[in-house]
J.: 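Before I ask anything, here is the structure I am working with.
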Amino acid sequence: MKKNVFQRAEYILPFAGLLVIVIAFSITTRGTLWTSDNLLAILSTIIPLILGGCGMIFVVAQGGCDLSVGSASAIAGTLAAIVCQNLGFAAYIPTAILIGALIGLFNGVIVSHFKVQSIMVTLAMLIALRALVVYITNGSVIYVPEQVLDLNNYSIKIPVFLVAVLIMYFLFEYTKVGYFSKSIGENEMAAKYTGIPVNKYKIIAFILSGIMAGLVGSLNVGRIGGVDPTMGNFFELEVMIALFVGGVPVTGGSGSKIYRLFIGAITVSVLENGLTLSKVDAGSAELIEGIILIAVISLTLFIRDKLIQKQEIMKTEHNAN
Amino acid sequence: MKSVAEQHQKMQKGTKSKILTLVLILIAFLICNLFAHGRFLTGNNLLSILTHAVVPSFIAWGFCFIYTTGIMDLSVGAIVILASIVGGILAFPLGYFGLIIGAVITAVVLELVNLSLIIKLKVPSWVFGLGAAMVYEAIGTYYETFEIDQGKQVVSLGNTARKLGSAPWNIIVLCIGIVISYIIFNRTTIGFDIRAIGSNHSVASMMGVKSKKAILFGGFIGSCFIGVASAINESYAGRVMPVTGLNSVALVFIPLAVYLLAQAFERIFNLTISVVISAIIIESLFNILTIFGVPSGTWQDVALGTVIIVCGILAQKNEKGIVK
Amino acid sequence: MKKNNRKLCAILISALTIVSTITGCASSTKQASSTGTASDASATSKVSASNKKLKLGFNNFLKGNYSLDILEKNFRSAASALNCDAMVTNDQGKVETTVQDVDSMISAKVDGIVFFGISDTLFPIVSRKCEAAKIPFVCYDHIPSDKTLEVLRKNPYFAGVVGEHDYDAGFPIGKYAAEQGTKKAILITGKNTDTTHSSREKGFTDAFTKNGGKVLDVGWGCNTLSDALSKTDNLLTAHPDVDCIYATGGDFGSGALQALAKHPSVKAKMFVTDLDPDILIGLSKHIISAANGAHWVNASFATALLVNRLVGNNLRDGNAAPTLTVPVLTLPNSQESLYDKFWLHNDPFSAKEIQQLVKTYNSGASLKTFRDTLRGYSIESRLKEKEKEGLVTKDELTKAGIKG
Amino acid sequence: MNEVKDYIFTCDKMNKSFGSTHANNNISISIKEGEVRGLIGENGSGKSTLISMIAGMQSSDSGSMSLNGEPYQPHNSQEANQKHIGTVVQELGLVDGLPVGANIFLGRMNQFTKNGIVDLSSLNQEGSKLFDQWGFQPISMNILAGTLSVEQKKIVELIRALSVTPNLLILDEITAALSLNNRKRLYSIIEKLKGAGNSILIVTHDLEEMLSIADSVTIMRDGTLVTTKPSSELTVDSLKQLMVGREINGSYYRADQKESYKDRVVLRGEHLSAERFNDISFQLHEGEILGFCGLSDAGIHELGEALFGIRKLTSGQIQVGDSLNTVVNSTKSAIKNGIGYVPKDRDKQALMVDDSIENNICLPSTNEIQGTLGMILPRRRKEISEKAIKNFDIKTQGRNQIVRSLSGGNRQKVNLARWVKDKTKILILDCPTRGVDVGVKSYIYNAMNQAKSDGISMIVISDELPELIGMCDTILVMKNKKLVLSKKRSEGLTEESLIEVML
């Protein structure tokens, strides 16, 4: 009967850090946190994080990492903007997604067939793609059609976001793409010896990551009003923070869950927004953010650790009998 | 079971591939020199390449002792900034001694704080590093804001203690670095312990390696290298500006590329040696491209990315195992 | 024992989380409470400054960058001179964060925003947001392109822009360099996506080539001093025959200077834009031939412009929101120490002078007041003003080459 | 005093609990000078826990140990080594990233350290000397341990244990990994140590081996010590009985002594060649159990990998299908044609040990359980996994239990269970009973019989000859990458006749 208590606790506790933060900021911002304007503002920071995370989680679940997401989103947005100047708005999002997918394909092929570490390949891509964006824009600003700016309206952005997240959620939790990705993260050798085409699924994971980066890029252009070569800078790190703060294991495997990404993304966004709203000095904001991030994740891990220990004990107990 | 002769052949093959790689690099250099009308392989230019390779090499050596144990600490960039600043401040009253001691102690203290917290809290080092980077960046800006309010800028060395960062002193330090890092990494108990933990944590600790102690001690050595890198950086640049918004992470991208490249070359050269080789390859690349008139910031970076991937592929050519 | 340690740790951390959040915010909430209830700052509402403290938002694009931070300092001193609360955000060098921070400032119910847009695309977006939230805003430092300005002027909440033409920072120096007889130049500059630096580069190149010189190469993409150092080093190897080096920013100038010292065979003159402490030292030692800058006061003027608007003094240039240009000043060697004293250690414009720009303190404040003040902005005029305030003696001025 | 002196090692009332599991309950053992002591028990009976306490890798909850009459309380394996206790642990392995020499002396580098610097050449010399001294084929001290074969690694581990000049040498299931020739060498080492008055504590699942080398055997069950008896008083059957606690029938192998299978050929290998084997041709019939045996470098395991499409062939064809017109050239085509594969290294190659039983069982069955849009319904996963747990009698709390918390035998059941499904027609089993105890072993043989009668064909690759002789319809012997002998099932088939060909 103890079990039930623990099981229930397991569902609530990952939210503990988030709850603490939300409560604390509700007090310090004197309720401003909950105004509709601000909730929408928080939502617009959450959207790219979750979209990017939904793609990257496939790679992370396999135990790899994709550092190229930020640069990929920038180049996808840039090229899409250029293409849509010539071909019209209809080509905008498809182009961005295609570019993202191509980058993912490249990453995936190098990682899977040439056995280069994912961090090395994607770091190189981070540097190279960013440089390409700078070259393409050549320092000037690319203006985009009004429709692209309209993408930033919540009435369009939210449906796009929901559809994309639902698809990714389905792929990750209910199809073999996600299942195999987690298996590869758990034990790649076992996956291979069980007959899973590991290379194929590595490529698929990177392609999905690229596609989502492309989508984020296309939305980003609307958000910042045109192509800016620095857009998406450090986006990959923000996504990773969201993933890991939510409790997705760095080594991947079956602990990777999309709901954890949600928690992470919301935690990070509320934290940033709350600190700014509380008028914390810009210098201190970063200091406090860093400390709280570390605190939240260690709290979550600590609690989970305790839980797992308890469960393990219960299991072995059962075995012995 | 393979015969000894076969294994011996394997070893010889190793020596061969070492020579082959060096020759290939040399040929590439000569070709570049030909196209650059002799502007590439001049003494001054080579010295300048080496000079630029010093700081990335030292940071990458730091990574050898920290990242090898599986701790991926991304706050090193922020640590370098803080260590450079502290070194710069202490350089005025104490000269070179202050510069080096200030930088090294700062780096060591911060890195040890990181490592012990990572071990204690069991937080994945990736996130911890990013969080710590935010904290250290913020400390840097506190100092900078303070200076601006005083009508000053972040500490600048001026003419004080600038020799460490310039030839020939930095090259001498680089050579000392090669020797020391090689010896510690390959010929000391701590080196073996670090490599053992990196390769297989549980087996290593079963075999009697005290892993926490080794990680902390490795972090101590690694952060000494990072401290020295910071001191050289400060002495070379004269001033290191604090940044915010995780921009410090970008600071370690090149050293990280050096380290990863070195890992890829590890089957040909020893890790600490290949660090220097990788650093020189990357810096020569920038140098030669500038000489060729390739615009920096765009095609140069594209070329760097390409070189990293190509080297990675070449080095992993025969890899059959599992790569993350 | 170990378990206890971990427990203690966990408790400490959670305590730390809460305490740091709350204390971090406490100081500011105190200020916020003194603001009283924030009213919707509609453009036409004429709130008198006497009964309500205004709350101004300001975005620092990248904290830690000297020139951006000194702009922040100018804003802060202007805001305190005008008795306003300041809310400063750090955009961390990211355009996305810039937009996000504007959202946050709107949520925090600031009365007006002093905005810096690194990229032209940001202005229309921010303009939309401010219009929707009915918050007046003013742009500082970067002057948007004409096309963008047109868009902005359609927004009734756009209060104007105060900045400098970066092209005009590069151009005179290029001309001056060519006049000094230099023929072959290399440039050290930031990313070519940063309009500040690319405009300066363009201005210099135009003037230099027009006057018979040739720009051999441009070192793009520097972020830091040591980037500039390495880049210059490489460039000097590639072009040992240069006789002119122009750095478009203070840090780049320091880096270039050091690289130059490593190439004793290169005989080149140094020119820099941005007057920061290092460059001043270079000037005083005659290593740098000329440098310009001092345009950082634009943040103060932008603040004053916005406050005018908020107190109901809607300054218009004809029908449109005004564009005010701050001249980029060239600093002679002789005045380096005085510049250090009055620009870097103090504010070049006293609180009183800033107050004179605003209707609350000076009922006659108009666009003309701004124009006149800016037109008269030069090193010499400022120093004379300081003499009037008794902060500097005539002797000192004469020594610096300024005649009474 | 004298009496104590006789015992080189004693432990008294050792206790160790993990949570509420009493892994060791008041265990007392005394080992005499020059004694070879066998330690035997089912998986999970507490042998490994006892050994890890003696080797200093875990601390005991209570109880005391003494060595040479002095109290002995190691805090870590280094201290145990200093006291001349050398251990080869069951599932440890080596540090792949370090050279062989460093692996042998890791944790004990100080003896080669001068002024803080390790003298590598004398370390390597010492290592080579050990190989010489104990009569193993030398391995270069400078190559990375990761490049060694499983057997070579085990030998390096053995050398590592021997390098402490052990008074007490503990060997936990070392023989399973060794080929016959090296097994022989191990026996002679044991003799040699014994002759010098040193003692050995050995764990093995091979009961005949146990009885032939051990002077006396200690039997453990469920964390308690059952009894210690001289080998001469024991037989294989009595050992089994003591271990399991109930009677087990004489043989757990197949009862029939005749080959029996249908005529239809389900898989044919045509001149298969790859790096580790050369020109192998054979046929597998419906319902046939085909065995492969050979020494460690004969290439039998690699052949198994190739049959499942993991290892690429350089020439030759694997044909399957109704008229043998389908070629297997990838794992995908192998699975499509109903081939299942149970690899040799259970924890590394087969199972995701940190994942749930359900995830492990469903892994090869995704194609069968996915519905529209490739959706894998949790309901179907549950069905499959619960069926497998029931059919294979896996002892677990539920399908969501983590595999790591299962005993070795149960893990192997999971490994097998996931392949026993309707679609599987051919099952490749590489060492299916490696490291499992008697109970599970007999269970697995039963399952194989069941599968055979269901018409499933099996290829069994094994180092254990009795197992092959007991189960297979046909046994193929490989030597030096080539097929050298084919034997049909018959009563007169002996191990000796096979070994002769293998060597």
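Every chain is numbered from 1, with letters handed out A, B, ... down the list of sequences. The figures that follow rest on heavy atoms only: side chains count, while hydrogens, waters and symmetry mates do not.
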J.: Do other residues, nucleotides or ligands put more than 12 heavy atoms under 6.0 Å from B:F146 CZ?
T.: no
J.: Check each atom of C:S230 against the heavy atoms of chain B and say whether the ones under 4.5 Å are side chain, backbone, both or neither.
T.: both
J.: For B:E144, is it the side chain, the backbone, both or neither that has a heavy atom under 4.5 Å from a heavy atom of chain C?
T.: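 When you check distances to chain C, only side chain atoms of B:E144 fall under 4.5 Å.
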J.: Determine the option with the most heavy-atom pairs under 4.5 angstrom with chain B, choosing from C:K94, C:E72, C:K262.
T.: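 Counting heavy-atom pairs under 4.5 Å, the top option is C:K262.
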J.: Based on non-hydrogen pairs under 4.5 Å, which of C:D251, C:I70, C:I281 is most in contact with chain B?
T.: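 Highest number of pairs under 4.5 Å: C:D251.
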J.: Report which part of B:T141 has an atom under 4.5 Å of a heavy atom belonging to chain C: side chain, backbone, both, or neither.
T.: side chain
J.: Below 4.5 Å from any heavy atom of chain B, which atoms of C:K231 appear? Answer side chain, backbone, both or neither.
T.: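 Looking at C:K231, just its side chain touches chain B.
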J.: Taking the side chain as every heavy atom from C-beta outward, state whether B:E137 and C:K63 have any atom pair closer than 4.5 Å.
T.: no
J.: Heavy-atom distances under 4.5 Å only: say whether C:D276 touches chain B with side chain, backbone, both or neither.
T.: both
J.: Any salt bridge linking B:R239 with C:D278? Criterion: basic side-chain nitrogen under 4.0 Å from a carboxylate oxygen.
T.: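 Yes, charged N to carboxylate O under 4.0 Å.
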J.: To the nearest 0.5 Å, how far apart are OH in C:Y66 and CD in B:E147?
T.: 10.0 Å
J.: How far does CG of C:L344 sit from CD1 of B:I148, to the nearest 0.5 angstrom?
T.: 9.5 Å
J.: Please evaluate residues C:D233 and B:H52 with respect to the criterion side-chain contact (heavy atoms from CB on, under 4.5 Å), reporting the C-alpha separation (whole Å), side-chain torsions for both, the decisive distance (0.1 Å), and the verdict.
T.: CA-CA 10 Å; C:D233 205 358; B:H52 293 149; 3.4 Å; yes
J.: If you count the non-hydrogen atoms of other residues, nucleotides and ligands that lie under 6.0 Å from NZ in B:K152, is the total more than 12?
T.: no
J.: Which atoms of B:N233 come close to chain C, meaning under 4.5 Å heavy atom to heavy atom: side chain ones, backbone ones, both, or neither?
T.: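 Interface part for B:N233: side chain.
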J.: Does a side-chain heavy-atom distance below 4.5 Å link B:T244 with C:L62?
T.: yes
J.: Identify which part of B:N247 has an atom lying under 4.5 Å from any heavy atom of chain C, answering side chain, backbone, both or neither.
T.: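 Just its side chain gets close to chain C.
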J.: Can you find a heavy atom in the side chain of B:M241 that is under 4.5 Å from one in the side chain of C:L225?
T.: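 No, every pair of side-chain atoms sits at 4.5 Å or beyond.
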J.: Going from CD1 on B:I291 to CG on C:D217, what distance comes out if it is rounded to the nearest 0.5 angstrom?
T.: 11.0 Å
J.: Roughly how far, to the nearest 0.5 Å, is OG1 of B:T290 from CG of C:L236?
T.: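 It comes to 11.5 Å.
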J.: How many angstroms lie between CG in C:N234 and CZ in B:F286, if you round to the nearest 0.5 Å?
T.: 9.5 Å
